[in-house]
Amino acid sequence: MDEEHLHDDLQVFKDRNFFRLKLKSFVTIYLLLALSFLLTFTLFAVSLSRVSAINSKLQEVPPGQSHNVSSRDFLLFPCGPGSREWEYFGGKCYYFSLTRTSWHKAKARCEEMHSQLAVIDSYAKQSFVMFRTRNERFWIGLTDENSEGEWEWVDGTDYKTTFTFWKEGEPNNSGNNEDCAHLWVSGEWNDVYCTYECYYICEKLVPK
Ligand SMILES: [Ca+2]
Ligand SMILES: [Ca+2]
């Protein structure tokens, strides 16, 4: 009977020892888990701080960078990246008005915009403006107001030795009162009275 009791006691002791061992291994696992979590969290925090550091560096615009961007834009849009009113052709900028006015007012408006009424001195230029004006009437910088029949370009270009594109039968000085030239049907030129109101083309050098 005593021996049996002793055996029972030993068994209980063994069971306890087993549970203690099991508990110990659980604690170890939890500790390892906690450690790995801590490590992951630390790595995450470190990488997050690095990303934000790179991000803030990217957002810093070094001095001169903005100028580079705008000079690239000027290459793409020589007449000014901020303006859609001026169109580039052959080293110059052209403005095609959206309102109609007399020749003298048109001339003044071009001058206000630091430009002049267009001087069409080549077939290439004629083709460009013809395409752009779409059969509509536009003043150009040509007049014989000073002396009838003596046509003069506003910039002093010699009329007699330069390209012309008059419509057949023009200039006809109809009614003895036609001293200003405009693009007419099909882009061909016509002389008309200077107070006639039509669109106008201004021209200027590419801004520097
Ligand atoms: Ca005339
Ligand atoms: Ca005419």
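Both backbone and side-chain heavy atoms feed into the values below; hydrogens, waters and symmetry mates do not. All values reported here derive from a predicted model rather than from experimental measurement. Both counts, for ligands and for their atoms, begin at 1 and track the order of listing.
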Looking at E178, pick out the N, O or S atom nearest to the Ca ion (ligand 2) and give its name. OE1
Donor on one side chain, acceptor on other, Q126 and W189, under 3.5 Å: yes
Check step by step if side-chain hydrogen bond (donor to acceptor under 3.5 Å, both in side chains) holds for H182 and E136. CA-CA 10 Å; H182 62 178; E136 191 51 80; over 6 Å; no
Do K204 and W86 meet the cation-pi criteria used here (NZ or CZ under 6.0 Å from the six-membered ring centre, within 45° of the axis)? yes
Contact check: E148 to the Ca ion (ligand 1), N/O/S below 3.0 Å: yes
Does K107 NZ have over 12 foreign heavy atoms under 6.0 Å away? no
Rounded to 10 degrees, what angle sits at the Ca ion (ligand 2) between E170 OE1 and N172 OD1? 80°
If only side-chain N and O atoms count, and only distance matters, is there a donor-acceptor pair under 3.5 Å linking T157 with D155? yes
Examine N173 and say whether one of its N/O/S atoms is closer to the Ca ion (ligand 2) than 3.0 Å. no
To the nearest 10°, how many degrees is the angle D144 OD2 to the Ca ion (ligand 1) to D179 OD1? 110°
